[in-house]
Every structure is written in C-alpha cells, then in structure tokens.
Amino acid sequence: MANARLVENGIVKRVVRLKCRGRVHTVEVDGTEAVPRRAAVVPVPGGVWVSLDGHCEFFEPVLGSVPLPSRAADPEVRAPMTGRIVSIRVKPGDAVREGDVLVILEAMKMEYRLAAPAAGKVATVRVAERDRVEIGAVLVTMAPP
Amino acid sequence: MANARLVENGIVKRVVRLKCRGRVHTVEVDGTEAVPRRAAVVPVPGGVWVSLDGHCEFFEPVLGSVPLPSRAADPEVRAPMTGRIVSIRVKPGDAVREGDVLVILEAMKMEYRLAAPAAGKVATVRVAERDRVEIGAVLVTMAPP
Amino acid sequence: MTKILVANRGEIACRILRTLRDMGISSVAVHSEADKDSPHVDEADEAVQVEGNDPAKSYLNIQGLLEAAGRTGATAIHPGYGFLSTNARFATACERAKLTFIGPTAAAMTTLGDKRSARSTAERCGIPVIPGARECDSPEAAQAIADRVGYPILVKAAGGGGGRGLRQVDEAAGLPEAFAAARREAESSFRDGRMLVEKFIHPARHIEIQILGDGKKAVAFGERECSLQRRFQKIIEESPSPAVSGSLRAALSDAAERLAVAAGYSNAGTVEFLLGPDGAWYFLEVNARLQVEHPITEARFGIDLVRAQVELALGGSLPAPAEPRGHAIEARINAEDPARDFLPMTGRVAALRWPHRPDLRVDAGLREGQEILPWFDPLLGKIIAWGPDREWARRRLLGGLRDLVLAGVPTNQRFLIDTLESDFFVQGETFTTTLESQSWTPPEPSKAMLVAAATAAAPPAPKSKSASPWRTRGSWRMGS
Amino acid sequence: MTKILVANRGEIACRILRTLRDMGISSVAVHSEADKDSPHVDEADEAVQVEGNDPAKSYLNIQGLLEAAGRTGATAIHPGYGFLSTNARFATACERAKLTFIGPTAAAMTTLGDKRSARSTAERCGIPVIPGARECDSPEAAQAIADRVGYPILVKAAGGGGGRGLRQVDEAAGLPEAFAAARREAESSFRDGRMLVEKFIHPARHIEIQILGDGKKAVAFGERECSLQRRFQKIIEESPSPAVSGSLRAALSDAAERLAVAAGYSNAGTVEFLLGPDGAWYFLEVNARLQVEHPITEARFGIDLVRAQVELALGGSLPAPAEPRGHAIEARINAEDPARDFLPMTGRVAALRWPHRPDLRVDAGLREGQEILPWFDPLLGKIIAWGPDREWARRRLLGGLRDLVLAGVPTNQRFLIDTLESDFFVQGETFTTTLESQSWTPPEPSKAMLVAAATAAAPPAPKSKSASPWRTRGSWRMGS
C-alpha cells in the first residue's frame with residue numbers, strides 16, 4: 001500500500017511514498033508539519049505539483065499492492081482535508097476538462113487546487129466560498145460530458 | 001419574474017433586468033451575443049461583477065415587478081460601510097430638516113456624516129456611540145414630520 | 001547578521017520585503033489577528049502576530065512590535081509609511097532597545113516631523129512659509145488667526161499627515177465645528193490633538209522633493225507633483241511636474257537640502273511645498289519617511305529607495321544622484337466609490353488580474369479571496385508607468401488601468417481612467433482643488449457589459465433536450 | 001487610419017499588441033485552430049483564424065495572412081520574431097499587397113538576412129568575418145573547407161537562425177552525418193537547404209548590437225551578451241556585456257551601423273558578433289527583425305523598440321540614442337527539462353503566479369489552464385530585471401525567479417536560478433559553450449516540498465465513521 005499508518009504517542013503518522021524524477025522518497029507526516037505558505041500545492045490527476053522558492057516538481061504517489069480506486073471514475077470531488085473554501089471556480093452546468101480547477105481550499109496554511117478528475121460537466125456545487133469544510137466532505141459532483 | 005422569455009424566429013430571447021448603481025437596465029439576450037473575451041465575468045452571491053476595459057460594475061438581477069421604494073422616502077438611515085459610531089447627534093422625537101447630521105460614523109480613519117434624507121422626525125436610534133456597525137445596518141429610523 | 005522587521009502591512013510591507021529578499025537580508029513580518037492570512041505575511045521569512053484592540057492597533061503597538069523584534073532576533077525595523085513611521089516615541093524606543101530604526105533619528109523626526117517645529121526651522125533657513133500658520137489650542141485662537149490672514153483657511157493636525165485631521169474652512173461660521181472634527185480625527189489617528197491654522201493658497205499645486213540624507217549632507221532626487229487629491233489624499237502623482245522649470249526645481253531642491261542639513265536629517269524624507277498661482281512657493285511640511293508615491297522617483301532616477309534606506313541606516317554612504325530620465329505617473333487603486341464622495345468600500349476580492357507590460361510597475365499586496373477590511377487605508381495597490389515623455393507614460397498607465405481586473409469590491413479604477421483622459425490632465429492643469437471642483441458621474445455600463453452580466457445572471461436553458469424545462473412541459477401537455 | 005495585424009503568437013504577440021493599444025492603433029490577431037483560446041487572441045481588437053496543416057503552419061501561411069489583413073482592413077503587418085519575420089518572400093508579398101511590412105525592405109532583408117550575402121557585405125565593409133565560412137552543397141565540399149581551416153567546425157543553415165539547422169563537428173568522421181542532419185532541419189524549418197561551413201571559435205562570447213535604421217542612417221543601441229545557450233539557443237542574456245570595453249563597444253557599434261547603412265537597412269535589426277578568447281571579434285550574422293531579448297536593451301535605453309519599429313515603418317524619424325543606464329538581465333522560462341538535455345515538455349498550466357517587484361518586467365502570453373502544445377517554441381515567458389549595477393540586476397532576477405509559480409508543465413526555472421547563482425555567472429565568465437560543458441543535476445526536493453506533496457497526495461482518513469469506505473465494507477462482511 002502507498003500509505004501505511006503508524007500510531008505513535010496517540011498521533012496518527014502516515015508514511016507516504018512519492019516518486020519525483022524517477023526517485024522514490026518516503027515521507028512521514030502527522031499533520032503537524034509546517035509548510036511555508038508561499039508554497040503552491042497543485043493536485044492534478046495522478047499526482048501533485050509543489051512549487052517553493054523557485055523549485056517546482058511533480059510528485060506521484062507510489063501505489064502498492066492494493067490499487068486505489070481510480071480517481072477518474074469518482075463522480076464526487078471531496079475535501080482532501082479540513083479547511084476553508086477560498087474560491088469556487090465553476091458553477092453547475094459548466095463543462096470542464098480533466099485537470100480544470102474546480103475549487104480552491106485553504107488548509108494548514110496552504111492552498112489546494114482541486115481539479116476535475118476527468119472531463120465532464122459540473123452537476124452540483126455543494127459549498128459556498130468561505131465555508132469551512134470537514135475532511136471528506138463532498139464539494140462538487142460531476143456528471144459525464 | 002426577473003427574467004421573461006420571448007420566442008422570436010425560433011430563438012429564445014430572455015429579457016433580464018439588472019440593477020447597477022441604483023439604476024435598472026433591461027437587457028434582451030438570446031445567447032448569440034458576442035462578449036469580448038477579455039471581459040471578466042465574476043458571479044458572486046447576489047449578483048455578478050463584470051469588468052471590461054477598466055470599467056468594473058456589480059449587477060444585481062432585479063426580482064419582481066413591484067417598483068422599488070424611492071430612496072428619498074426611505075425611512076431607514078443605514079450604515080454606508082462597516083465602521084464605528086463616533087457621535088450621535090439626535091434622539092427619538094427630534095424634528096430634523098433634510099441634510100441635518102444624524103450620526104457620525106468613522107471608518108478607514110475618516111469620518112462620515114450621515115444626514116437626514118428628508119425633513120421629518122427621528123423615530124428610533126438603533127445604535128450607541130462607539131458601537132461597531134456592519135455595512136447596511138439600520139442606524140436611525142425616521143417618521144414623517 | 002542583519003535581520004529586519006517590517007512594522008507595516010499591505011502593499012508597502014510587500015514592497016519592502018521583496019527588496020530585503022533581493023538584498024539577502026532576513027525579514028520578519030508582523031500582523032494582527034485579522035491579517036494573519038494577508039499577503040505580506042507570506043513575503044517574509046518569519047511572521048509574528050502582534051496584539052491590538054482592533055486590527056489596525058497591532059501596527060501601532062510599540063511594546064508588541066519591540067517584543068516581536070526581540071523574540072525573532074531582528075536587528076532593525078523598517079516602519080514603512082503611516083502607522084508608527086513618523087512617531088518619534090517609536091524611533092526613540094527602537095534606539096533604546098538597540099534596534100536600528102530605518103528612518104531619521106528621533107531628534108530629526110521631532111524637528112521636521114512636527115509641523116510647528118518644521119515651520120520654524122524652515123523660517124530660520126530663510127525658506128518661505130505659508131502666511132499665518134500658527135498652532136492654536138481652541139477654536140477662538142483659530143478664529144483670531146483666520147481674521148488676520150483672511151478666509152479660506154485650513155485647520156490641520158500639527159502631528160499628522162495623509163489628509164486626516166484636516167479641514168478647509170470658507171467662512172467664520174463653519175470654524176468651530178470644523179475645528180472640533182479635525183481635532184477628533186487627529187486624536188484618533190495620531191493620538192495628538194494639537195492643531196494648526198493657516199492661509200489657504202488657491203489654486204495651488206502640491207510639489208514635493210525627495211531627499212536622502214546622512215545626517216550631515218542631503219541629496220535631492222527631483223520633484224513629484226501630487227496635486228490631484230480627493231479628501232486631501234493624493235490619488236495620481238507624477239514626476240517631473242509639468243509646472244516646474246529647471247530654475248524652480250533647483251530652488252526647491254536647494255531649500256529641501258538646506259532644511260534637511262539644518263535638522264541633521266538622515267535617511268529618506270520628503271519636503272512638501274505649495275506652488276501658488278503667481279509662481280510663489282511655500283514650504284508646507286516634511287514627511288519624515290518613505291512616501292506612498294516613491295516609485296515614480298525610482299522609475300526616473302533608477303534608484304531603489306528602500307535599498308538606499310536600508311544601506312543608509314546600516315552606515316552606508318549617500319548614493320550619487322543620477323541624471324533623471326523620462327516621465328513617471330502613479331495611480332492609486334483605492335477601495336472607494338468616487339461617485340459617492342469617495343466613500344471607502346469593503347468587500348471580498350473576487351477576481352484579480354494585474355496588468356503586465358513594459359515600463360509598467362505594480363506595487364500591491366492583494367490576492368483573490370482576500371477580505372478588504374474597514375479598519376485600514378483603502379489603498380489596494382499602485383500602478384506606476386514610465387515613459388520617455390509624459391504622453392507616453394500617460395498612455396502606458398491608461399493601458400495598464402484598462403487591463404486591470406479587480407472585482408468584488410468597488411474601486412476608483414474607472415475614475416482614474418477618466419481623470420487621466422481629462423483635458424485638464426492632458427494639459428497638465430492640475431491643482432489641489434481640481435478633483436473636488438469636478439463632478440464625476442460613472443459612465444453607463446456598455447452594451448457588452450450588460451450582455452455579459454445578463455448571460456451570467458440568468459444562464460440560457462440547457463441545450464440538451466432532456467434538461468429543457470420547455471420540452472418537458474410540452475411533453476406533459478401532450479400526454480395529458 | 002493605421003490598423004496593424006500581428007502575424008505571430010505567444011509572448012511576443014501579446015507584447016506587440018499591448019504597445020499598439022497604448023499607441024491607440026487598432027490591432028488584429030491571427031491564430032490557428034488550436035490557438036483559438038490562446039492569450040494573444042484576447043489582446044487584440046479583432047482576431048482571425050488562419051488555416052494550416054498543423055498549428056504552427058498557420059503562422060507561416062502567407063496567403064492566409066494576407067487574406068486576414070484584407071478582410072479586416074489592416075494596413076500594416078508586424079511579424080514579431082520567428083515564423084515569417086525574416087522571410088523576404090513574405091515582405092515582398094506584403095509590399096505587393098500594399099501592406100506596410102514592419103521590418104526592413106525585402107531587398108535589405110535579402111542582403112543581410114541571408115548568411116552568405118551578409119558575409120560578403122561585411123567583407124566589403126571591411127568588417128572581420130569568421131575564417132573559412134563558405135557555402136557548400138555537399139558533405140565533400142564541407143570537408144574540403146574543414147581541412148583548410150581545421151576542426152572543430154560549425155555546419156549551419158545559410159537561410160536560418162535560432163539554432164535550428166546547426167551542428168558542431170569535432171572531427172572529420174562526424175561530418176557527413178552532421179551535415180545531413182543539419183540540412184534536414186534547415187529544410188523543414190526554413191524551406192531552404194543551403195549550408196555554410198566555418199571555423200568554430202572557442203571559447204567565444206556571443207555579443208550582438210541592436211540597431212535602428214531608416215534606410216539611410218543607422219543608430220546603435222548598445223550590445224547584448226547572449227553567450228549562455230543550450231542547444232545553440234539563448235537562455236540568459238544581459239546588457240552590457242561584462243567583457244565589452246568602451247572601445248570595443250564603439251568598434252562593434254560602428255561596424256553594425258556601417259553594415260546597416262551599406263545594406264540600406266530600415267527598421268530594427270541586430271548584428272551578431274563572436275568575441276574570441278584573444279579579444280578578436282568576427283561578424284556572425286544579422287537578425288533582420290526584433291529579437292526575443294530586446295527588453296534588456298529597452299530597460300537600459302528607456303526606449304520601446306516596438307513603438308520605434310511602428311513609427312519608423314510609418315515614416316517617422318530615427319529616435320535619438322539616449323545614454324544607457326545600469327544593467328539588465330533576461331531569463332527565458334522554457335517548457336523543457338534541463339536534466340534531460342533540455343527536452344521540450346508539454347502539459348497544462350495548472351498554476352501560474354508571475355512575480356511583481358520594482359524594476360522587474362514580465363513578458364508572457366500564458367494563462368492558467370492553457371495547454372502547452374508540442375508544435376511551438378518552448379518559450380513560455382521572459383523575466384527581465386534591471387538594476388543600477390550587474391549584481392543588483394542579478395539579485396532582482398533571482399528574486400523574481402524564486403517568486404514565480406508555474407506548475408503543470410516542467411520548466412527550466414530551477415536551472416535558471418542555479419545558473420544565475422553559479423560562480424561562472426557571478427564572475428561574468430560566460431561563453432557559448434559554458435552551459436553544455438556543465439552538468440546540471442536537479443537538487444533533491446526539500447523536506448518542506450515533500451511534506452507538502454505528501455499531505456496533498458494522501459490526505460488523512462476521514463474521521464466521520466459513516467464516510468469511511470473501510471468501515472462500510474467491514475459492516476457488510478459482518479452481515480454476510
């Protein structure tokens with residue numbers, strides 16, 4: 001599996017393996033790490049771009065034995081973490097291409113650009129700007145093109 | 001209804017009424033109109049901002065056919081912006097002339113004198129000195145002379 | 001190791017922090033609770049929250065700022081403009097805390113920052129001053145001065161600036177209330193209720209000279225004309241002034257340099273003058289700090305004034321004054337409604353696209369989604385255009401203002417465009433009263449704007465048959 | 001009424017269109033089908049789609065472009081750089097169609113744009129040329145020249161530029177294959193298979209002089225050093241060159257002006273020279289058009305070269321050469337992977353935030369969501385920094401490159417930063433072979449980058465029980 005969970009002193013630590021330029025990096029995170037807010041974190045289908053102080057790289061989660069459900073098939077775009085909606089870029093009925101930014105979420109001092117998992121139409125937008133959303137909350141639902 | 005639909009030569013035309021800076025504009029659209037793509041169209045709750053060649057305005061769809069109440073006759077004096085009440089110059093029952101200062105509001109380090117929209121009597125004073133008030137909050141209500 | 005705390009927010013904090021980064025100097029931002037997500041916080045290496053009773057008070061909290069400096073190991077403080085930048089107590093407190101204050105010494109600031117003291121220093125240097133300017137503690141004392149010099153007069157805060165605590169009085173009847181209001185504003189803005197009264201020169205141009213001093217010598221970096229003001233606050237500035245000849249420039253520069261030397265002035269400062277309709281000029285006041293409009297001087301002289309400030313404060317020597325070049329104009333984008341007496345506006349930045357083009361500079365600290373708060377100055381950003389001549393700078397600035405998209409909060413964008421296109425601006429006929437004597441009506445929205453708004457406000461019915469309410473109803477009727 | 005069609009795309013089309021807008025001149029953009037949503041289309045008053053067999057061919061479709069001009073009533077055409085900008089047939093076709101071609105006449109373009117003809121013109125003017133440069137139609141003829149001047153040699157397209165159709169050959173064995181490959185590239189890029197062979201000067205600096213001509217006189221606007229190249233394409237340019245003395249500058253400027261006058265050259269052009277290790281210099285070629293790197297000249301001379309081009313083409317007179325000031329450096333942001341031989345990259349711009357700071361100019365035509373297509377040059381945009389001296393310009397540019405956010409397609413951003421921070425750049429030791437002799441390895445991602453990526457790529461499991469897919473499956477198992 002890509003992400004193993006460890007429990008240490010009651011804090012859930014996750015071990016994430018990420019591929020960048022062909023090399024696999026193993027990172028332990030527990031949600032308490034500080035990332036400079038000037039970092040841009042841009043999830044796209046298949047991975048995430050991170051740009052910090054002029055260094056921009058693409059990171060691809062390394063998948064283990066249990067494949068994750070295909071993102072492209074998921075008709076629901078969910079909050080990857082608890083945070084606040086900064087900006088909504090689409091409205092119901094909009095046609096979007098794969099990778100188009102739907103919603104910008106701010107959490108842990110970083111902005112997350114949540115993109116369309118596949119080309120399609122926006123079916124519903126379930127949140128408004130400035131809403132606080134819990135992790136896993138459905139933000140946008142998609143319909144086929 | 002805000003938007004009536006007309007059918008003309010098989011094309012559905014919509015008649016939309018939009019309020020901008022207090023004036024209502026009636027626009028016919030059938031979806032074939034060309035809008036310069038450099039125009040920025042930004043829907044927000046309650047209306048839409050349009051910016052084109054340095055001219056940016058907020059448009060509010062007008063609901064219903066009932067004429068809007070005249071501003072001059074408005075019996076409510078509202079905060080034109082968010083700020084703090086510096087001074088209250090009237091009390092309930094005072095007779096005032098048009099233009100008499102009722103309340104002084106401080107916002108963005110400047111003072112705003114809110115005057116009586118017409119001659120009349122002060123009905124109620126809804127705020128106290130040093131209160132923080134939100135934009136649109138009713139500060140004073142007026143009664144006819 | 002130098003580490004500089006920037007005791008400010010908004011565009012000027014962002015602008016200072018960027019120069020520090022380019023200089024390789026570590027930086028600390030401070031912010032109030034409400035500003036914790038503001039752009040300037042991201043521009044610094046570290047950020048410290050400072051307490052205050054309202055969001056603006058944090059930037060006036062001397063003790064809190066010194067503690068933030070102590071906690072982060074900052075060795076110097078840049079005050080920006082506004083807030084504590086011209087507060088001699090703050091400069092003194094920094095000196096006591098062994099922090100380098102990036103600005104003049106407290107002593108020079110007191111000599112020139114206080115209007116009364118600046119005026120007497122100017123008089124001692126033989127520099128003309130405005131008739132009748134005297135401090136007075138009561139409306140009655142003000143009335144006595146006004147009776148001597150004649151109306152109209154100005155009532156203004158002795159320890160302030162930026163148009164706050166300032167009132168024009170046209171006749172004796174209006175004096176008591178104007179005096180009280182100006183004093184209240186002065187007390188709330190500057191914690192200093194001392195007032196001045198002076199003759200109102202009309203029509204006048206506002207001409208100011210940029211200086212850099214090292215305590216012993218001072219160098220002038222040309223003039224800026226800042227006559228276009230609303231509510232006594234500058235809105236469009238240019239350099240050079242269309243009304244300043246070479247000999248006048250030399251006279252004003254010489255006066256500014258002499259004044260700075262007389263006060264032992266160090267670091268950057270601005271000496272303001274009024275130019276009367278008869279060509280006579282008068283010393284107005286000194287702004288003992290960086291000015292909002294400093295970029296137009298930078299564009300012409302090829303100097304980075306913030307860098308010069310930092311280098312001077314760290315013991316560097318005065319930069320040589322380069323030959324100025326071309327013309328520069330700045331427009332201030334404010335969150336305000338020019339159609340309603342420039343009422344400050346609040347709101348949320350829903351869309352933001354700054355212009356990009358040669359010789360156009362944007363100084364701002366703003367992002368999409370940002371809330372414009374009522375406690376602060378309405379300045380959202382500045383666009384500065386340079387050109388080989390005035391007309392080209394004007395066109396470049398107009399191009400930039402037309403390209404700018406800033407939606408979600410009403411701004412003066414269209415007013416700036418119309419002002420830059422007006423006959424009086426094209427002809428350089430700009431006076432401090434020009435804008436208030438003109439009435440401005442916003443143009444009607446164009447057909448294209450209305451169509452765009454109508455389309456967005458009431459989107460057309462979906463084309464897919466199944467989704468059309470008309471099709472559905474028709475079928476129903478047929479089936480019933 | 002002047003109306004100008006811009007026969008180009010990308011950053012240069014946007015840059016030209018903005019100057020036209022500031023000049024109050026109506027503009028027409030052209031675009032291929034694939035480019036119909038590209039930023040340059042929005043910058044013009046009108047836009048016309050031009051057909052082509054692939055997205056780049058539209059911009060090479062002479063008949064289609066002339067038809068677009070005819071249909072929109074355009075009176076002049078600005079070709080930008082690349083595409084048809086140095087195609088004499090296009091210039092001639094414009095002349096025949098009574099369209100003002102904003103560039104040199106077809107005759108001058110032929111005289112100086114063709115490498116062979118330019119070389120003989122230079123020789124007639126007494127300007128030094130590179131030993132052995134002769135046209136040759138076969139590998140055998142090339143070998144004969146190489147044997148005479150000695151290896152290494154360069155094989156290059158007689159009618160091309162921009163690094164295409166160019167090969168370095170170190171020994172006789174590699175010549176046949178290199179010759180064939182270069183000719184293939186030349187034919188596909190320029191539809192012109194004529195080749196030149198010349199002595200390879202090493203290590204050399206690439207120094208070029210900007211000129212403006214009116215057909216009779218020519219004025220030089222200083223030099224640009226463009227030695228830092230990868231795959232023979234410039235990537236970082238600066239002005240002035242750290243290696244050019246006042247007397248060398250005067251000699252190069254004089255040679256460039258004499259060459260332009262000899263060819264009756266009008267409008268903007270660039271005369272390129274190689275500066276050898278012994279201080280000897282050689283005429284290289286003429287770029288009979290605006291260059292990608294023109295902004296560094298604009299920053300130092302306070303001139304808008306596009307405006308000058310338009311004014312000269314409309315019969316205006318030559319601008320007076322101003323005194324240059326300070327130092328300017330440009331970095332080209334390319335969609336390419338410097339770790340894999342600068343392989344061009346494609347993708348979709350997922351996030352874009354250009355830097356803003358004093359004396360930093362961004363020339364780009366890019367928007368979030370834009371698809372970077374494989375048919376075009378990988379240039380995404382340029383960042384140009386000015387400073388009173390080289391070190392300050394370098395730091396400003398580094399600051400701008402660090403602030404830039406451009407995600408979604410791999411770029412050379414970090415490579416540019418490392419290059420500007422290298423010892424050889426700091427010391428001004430830049431030669432045309434410097435970059436290829438250095439190996440660059442991208443730094444490992446920092447801890448902060450990894451944590452940011454990990455947090456975003458694999459968010460923690462939802463806390464709400466009902467939302468967890470694992471919980472749901474467990475219940476099922478229990479019920480079964």
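No experiment lies behind these values; they were computed from the predicted model shown. Below, read A as the first sequence line, B as the second, and so on, with proteins coming before strands; counting in each chain starts at 1.
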Which bit of D:P295 is near chain C, if near means a heavy-atom gap under 4.5 Å: side chain, backbone, both or neither? neither

I need the C:I417 CD1 to C:R402 CZ distance, nearest 0.5 Å. 6.0 Å

Choice from D:R307, D:M23, D:E323, D:R21 maximising heavy atom contacts with chain C below 4.5 Å: D:R307

Going by distance alone, is a donor N or O of one side chain under 3.5 Å from an acceptor N or O of the other, for C:Q291 and C:R289? yes

Given heavy-atom pairs under 4.5 angstrom as the criterion, report whether the side chain, backbone, both or neither of D:R367 touches chain C. neither

For chain C, which candidate among D:E298, D:R325, D:R394 shows the most heavy-atom pairs at distances under 4.5 Å? D:R325

Chain D contact via C:E391 - side chain, backbone, both or neither, heavy atoms under 4.5 Å: neither

Between C:R396 and D:T19, is there a side-chain donor-acceptor contact under 3.5 Å, judged purely by atom types and distance? yes

To the nearest 0.5 angstrom, please state how far the CD1 atom of D:I329 sits from the CG atom of D:L416. 12.0 Å

Looking at D:R15, D:R357, D:R361, which one has more heavy-atom pairs under 4.5 Å with chain C than the rest? D:R357

Decide whether C:H294 and C:Q210 meet the rule of one side-chain donor and one side-chain acceptor closer than 3.5 Å. no

Does any heavy atom of chain C fall under 4.5 Å from the side chain of D:A299, the backbone, both, or neither of them? backbone

Heavy atoms only, distances under 4.5 angstrom: which of D:G399, D:P358, D:G387, D:P388 has the most pairs with chain C? Name it, please. D:P358

Side-chain donor-acceptor pair present, C:S239, C:R224, cut-off under 3.5 Å: no

